[in-house]
Student: 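I'd like to ask you about the structure that follows.
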Amino acid sequence: MSEKLPVNQPSDEFEGTVQGHRDGHGFVLRDDGLSDIFLPPNEMRAVLHKDRVRVCIVRQDRRGRPEGRVVEIIERPKQPLIGRLLQESGVWIVAPEDKRYGQDVLIPKGALGAAEPGQVVVVELTEPPALYGQPVGRITEVLGEVDDPGMEIEIAVRKYGVPHEFSETCLAQAAALPDKVRPQDKKGRIDLTDVPLVTIDGEDARDFDDAVYCEPAKVGRAKGWRLLVAIADVSHYVQTGSAIDVDAYDRATSVYFPRRVIPMLPEKLSNGLCSLNPDVERLCMVCDMLITAKGEVHAYQFYPAVMFSHARFTYTEVAAILANTRGPEAAKRTERIPDLLNLHDVYRALLIARRERGAVDFETTETQIVCDDNGRIEKIIPRTRNDAHKLIEEAMLAANVCSADFIAQGKQHGLYRVHEGPTPEKQDILRSYLKAMAVGLSISDNPAPSEFQAIAEATKDRPDAQQIHTMLLRSMQQAIYTPNNSGHFGLAFEAYTHFTSPIRRYPDLLVHRVIKSILGNTRYRLPALPLPGEAHAKLSKRLAARAQKPGAEPRKKETGAALLETQSWEAAGLHCSANERRADEASRDVEAWLKCKYMREHLGEEYGGVVSSVTSFGIFVTLDAMYVEGLVHITELGGDYFKFDETRQELRGERSGIRYAIGSRVRVQVSRVDLDGRRIDFRLVNEGEIAAPRSAGERSGGKKNGKSSDKPARARRASEEAAPVPSRSHREAPTPKDAGGSGAKSKQKASLLTKAPSGKGRGSRH
C-alpha cells in the first residue's frame, strides 16, 4: 500500500528506488535512467534503502545536483534486515549491518526471541520509519556471534536474498533419484564408454560438468582434429517444471564463496549423479566437432550419450605434462599423453582462429583467497593461468558457438549470451581518453573487437599500458542472457550461448533442453516458472533503455501465442542475468569482509602498491604483496590542491604537478579498517617521490618511469564477461563486464554432420 507524505506544491514528479548512503543522505535512482535525485538526511528519515518512492525536485544543491522531496512511498519491499542486537540505556535496538539503511531498528522486549546482546540477528519490520520515529521490528532468526566462522556468508546470503535452502519437495525428488546410471537411462544414447574422455579442472573442484577428447582427423584432404566436448546431461534428471527445476530456476546459478558453495542443484545431483566423476558411467550431451588446421569448426553434431571418464586431471598436472612429456607427472599418465598432446594441438589451432577474428583478449590477474580452518584469510595469491586453462576454455567456447548455431538453425527460442558493443556515450569517452593519452589509435563509429585488441597490442609495452587497458575494459557493456541474438562483442562471435555448465547455470540447462527438442523434432516450451523479483525489474528497465544497434534488422512484430512465448523467454533471460549479478555482489561482499578482517591485523604497516582506480575523491590502491584494495582519500594526498581530470582519469596537483593515474606506483600505510562499511583506508608515505607513468606524448627520452610488471588483482583476463566475478568460473575466459559492439564476426558457421560417427564408441546405440 502506498503512503502519502505531506509536501508543498510539487514540480514534476518522478518514480524510482531509494539508495541510502552510510553518511545519512540518499539518492533516488530514477526509473527512466536519468540523473539520480539527491535526498538530504531529513528526507531520509521517513524512508528506507530500497523503498520505491515518488519524488519531486525542489532545488539544485550546491553541487548542482537535483535535490528531491519524497511525495509518496509506493512500495516497501518485504526484505529482512540483518544487524547486531545492542542494548543502549535500557532500550533494545538492532544496528543494521548494511549502513545504507541509516537508522537503527527498535526491538520491543517481547520481540527479542532467544537473541543475546551482541549477536547477529535477522529482523522483520513491524512499523516503518516516520519523520519523528524510528522503525520498529521483531527478531525472526538468530545467526550467531559476529566472529563465528562463516558468519560473513550467512549475512551475505540474507542481505542479497540468495536462496540457500532447498524446498522439502525438491530434496525429496532428489533423494528418489537413482545413485547410478541405470540400463533404461541408456536407451537411445550413443555409447562412448570406450572413448578416453577426461576432465580437467582446478585442484579444489567438486563438480565436474565437462569432459574432453581429441584425435587427429582428415577435414577434406587437409589435416584437422575431431574434438569431443561431453557435458553432464542434467536435463535427463531435472524435468521441466519439477520441484528441482523450480528451485534451480529460483537460484539461476551456483554462488561461490571462499570455502563454501551454495549450489544450484541438490548435492546428490551436483556432486554425484550429474558430476562426471572418474571411473563411473555418466549420462552426457556431446558436441562432436571437426576442426580445421586454421581453427574453424568445419562440421559439428549434438547427441545424447553415455560416457566413462578415464581420468580426473588438474590444470597444474596437465600443464606440467605438456611442458615435459618425460617428467614425473607424465610418467603417472603415460596412456593419456597422446590425447593431451592432441588437445594441445587443437587448442593452438583454435587460438589462430581467435586472433584472426580479433577477439578481445587482455591478460589480467585473478586472485584466490586461501582460508584457514576457521574461515579466516591465510593468504591471497594470484591464480596462474596456464595452457591447460586456455585449452579447456577454447574447447568450451567452440562448443558454445556450435550450440548457438544449432538453436538458430533449428529456429527455436533459446537463451543466447549476448555481449553488445560500447554505447555511443562510452565510445566518445574512450576516444577522448585515447587522444589525451597520445595513443595514436582510436575506434570507429561502429567499432569491432579487433580495434580494441589492436590498441591493447600497440600499447602493451608502454608504462601506462595498465591504465589504457583498464579504460578499454570499462568502455564495454555487461554480458546478458536474452532470446534476442545480437552477438558477442568480446569474443567476436555472431552467436554465442552457454552450453557447458548446466550443473551450475540455469541458462545452460535451458540450452540443453532446446537442443534435445530440436534433435527430437519437437518444440521446447518454458514452464510456468515463478516471476522474477526486484533484481529483474531493475535490469529490465535498464535494458529497455538500450537503443537498437545501428544497421541491425528491426525485430519482427509478434502477436498472440508467439509474443507470449518470446516474452516468457525474455523474462527468463532477465531473471538469469539479474541473479548472476546478485551472486557476484554477494561473493564480492564476502570477499570484501574477509579482506577487511585480514587487514585489521596489519594496521600501521607499510606496503608498495599500484593505483587501480581514480575518482574525484581520491585514489584506490591495490597492494602488491596482498592483492587488497583500499582508498587514499584526496585529503591524504598532501597540502596541494588536486583536480580530477575526467578525460585522462587522473588527479593532478595544481601547484606541484604531481599526477595520480591508474598504474601509478605508490607506497602506503594501512591507516583504518571499517569492517561494517567494507572499507580499507590508506595514507601515502613519501608522497613527494611518487610520479605517475608518463604517456607516450609526454616522454622526452627512452627511460620508462613508473613501469611495473605487477597488475591489480581485481582484474580478470578479458575475453567473455569483463566484470569482477568470484574465482568460481574456470571455464570460459571472462570478458570485461563492460565490453562492446559488432564488427569482425566469427566465421564459425557450421553445417550439420549427416550422421553420428560409426563403430563402437562412435555411433553404436543401446
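Heads up: numbering here begins at 1 and tracks the sequence.
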Student: Could you please spell out the steps behind the salt bridge (Lys or Arg N to Asp or Glu O under 4.0 Å) verdict for Arg52 and Glu72?
Tutor: CA-CA 9 Å; Arg52 282 200 33 80; Glu72 182 181 1; over 6 Å; no
Student: Applying ring-ring contact (aromatic ring centres under 6.0 Å, His included), which residue pairs with at least one partner in residues 128-148 are found, sequence neighbours left out?
Tutor: none
Student: If every non-hydrogen atom of Val142 is compared with every non-hydrogen atom of Ala114, which pair is closest and at what distance?
Tutor: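 Nearest heavy atoms, Val142 then Ala114: CG2-C, 4.4 Å.
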Student: Any salt bridge (Lys or Arg N to Asp or Glu O under 4.0 Å) pairs touching residues 125-140, not counting sequence neighbours?
Tutor: Glu124-Arg138
Student: What I want to find out is whether Asp245 reaches Arg513 closely enough, with some N-O distance under 4.0 Å, to be called a salt bridge.
Tutor: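 Result for this pair is yes, salt bridge flagged.
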Student: Distance alone, cut at 3.5 Å: any donor-acceptor contact between the side chains of Tyr481 and Thr497?
Tutor: no
Student: Tell me whether Asp207 is salt-bridged to Arg504, with the criterion being a basic N under 4.0 Å from an acidic carboxylate O.
Tutor: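 Looking at Asp207 and Arg504, the cut-off is not met.
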Student: May I ask you to say whether Asp681 pairs ionically with Arg679, meaning some side-chain N is under 4.0 Å from a carboxylate O?
Tutor: yes
Student: Supply the atom-to-atom distance Asp250 CG to Asn579 CG, rounded to the nearest 0.5 angstrom.
Tutor: 7.5 Å
Student: For Asp104, is there any backbone N or O sitting under 3.5 Å from a side-chain donor or acceptor partner on Gln134?
Tutor: yes
Student: Please lay out, stage by stage, how Arg505 and Asp209 fare under the test salt bridge (Lys or Arg N to Asp or Glu O under 4.0 Å).
Tutor: CA-CA 11 Å; Arg505 291 190 307 224; Asp209 45 17; over 6 Å; no
Student: For Phe257 and Ala586, work out which heavy atoms get closest and say how close.
Tutor: CE2-O, 3.5 Å
Student: So how far is it from Leu603 CG to Arg672 CZ, rounded to the nearest 0.5 Å?
Tutor: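 Reported value, rounded in 0.5 Å steps: 10.5 Å.
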Student: If every non-hydrogen atom of Arg69 is compared with every non-hydrogen atom of Leu39, which pair is closest and at what distance?
Tutor: N-CD2, 4.4 Å
Student: Quickly, which of Leu48, Ile93, Leu125, Val136 forms a side-chain contact (heavy atoms from CB on, under 4.5 Å) with Val105? Name it, please.
Tutor: Leu125
Student: Of all the heavy-atom pairs spanning Gln368 and Asp204, show the shortest one and how long it is.
Tutor: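 Of all heavy-atom pairs spanning Gln368 and Asp204, the closest is NE2-OD2, 4.1 Å.
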Student: Could you walk me through whether Arg525 and Glu565 pass the salt bridge (Lys or Arg N to Asp or Glu O under 4.0 Å) check?
Tutor: CA-CA 8 Å; Arg525 305 280 182 185; Glu565 185 180 6; 2.9 Å; yes
Student: So which of Val511, Leu510, Asp508 actually passes side-chain contact (heavy atoms from CB on, under 4.5 Å) with Pro502?
Tutor: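 For Pro502, the side-chain contact (heavy atoms from CB on, under 4.5 Å) test succeeds with only one of Val511, Leu510, Asp508, which is Asp508.
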Student: One thing to verify: whether Arg260 and Glu154 come together as a salt bridge, which I'm taking to mean a side-chain N less than 4.0 angstrom from a carboxylate O.
Tutor: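 A salt bridge links Glu154 with Arg260.
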Student: Taking only Lys NZ, Arg NE, NH1 and NH2, and the carboxylate oxygens of Asp or Glu, determine whether Glu580 and Arg417 approach each other closer than 4.0 Å.
Tutor: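 Salt bridge between Glu580 and Arg417, a charged N being under 4.0 Å from a carboxylate O: yes.
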Student: Ignoring hydrogens and geometry beyond distance, is a side-chain donor-acceptor pair present between Glu145 and Gln119 at under 3.5 Å?
Tutor: yes
Student: Do Tyr160 and Asp584 meet the criterion of a side-chain donor-acceptor pair at a distance under 3.5 Å?
Tutor: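 Absent: no donor and acceptor within the cut-off.
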Student: Are Arg22 and Asp674 ion-paired here, with the side-chain N under 4.0 Å from a carboxylate O?
Tutor: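 A salt bridge links Arg22 with Asp674.
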Student: Counting distance only, does the side-chain N/O of His49 pair as donor-acceptor with the main-chain N or O of Tyr101 below 3.5 Å?
Tutor: no
Student: With rounding to the nearest 0.5 angstrom, report the CD1 to OG1 distance, Ile634 to Thr615.
Tutor: 7.5 Å
Student: Whether the Arg581 and Gln478 side chains hold a donor-acceptor pair (N or O, under 3.5 Å, no angle test) is what I'd like checked.
Tutor: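 Arg581 vs Gln478: donor-acceptor pair found between side chains.
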Student: For the residue pair Val670 and His602, what are the closest heavy atoms and their distance?
Tutor: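 Of all heavy-atom pairs spanning Val670 and His602, the closest is CB-O, 3.6 Å.
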Student: Indicate yes or no: does Arg158 engage Glu141 in a salt bridge with an N to O separation below 4.0 Å.
Tutor: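 Yes, Arg158 and Glu141 are salt-bridged.
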Student: Show every ring-ring contact (aromatic ring centres under 6.0 Å, His included) that has at least one partner inside residues 23-42, sequence neighbours left out.
Tutor: His21-His25, His25-Phe27, His25-Phe38, Phe27-Phe38
Student: Calculate, to the nearest 0.5 Å, the distance between atoms CG and CZ belonging to Asp201 and Phe208 respectively.
Tutor: 5.5 Å
Student: Rounded to the nearest 0.5 Å, how far does CD of Glu152 lie from NZ of Lys159?
Tutor: 12.0 Å
Student: Looking only at the side chains, is there a donor atom on one of Asp36 and Gln19 sitting less than 3.5 Å from an acceptor on the other?
Tutor: no
Student: Atom OG of Ser235 and atom OH of Tyr524: how far apart are they, to the nearest 0.5 Å?
Tutor: 9.0 Å
Student: Between Lys99 and Asp23, does any NZ, NE, NH1 or NH2 come within less than 4.0 Å of an OD or OE carboxylate oxygen?
Tutor: no
Student: Any Lys/Arg nitrogen of Arg84 or Glu97 sitting under 4.0 Å from an Asp/Glu carboxylate oxygen of the other?
Tutor: no
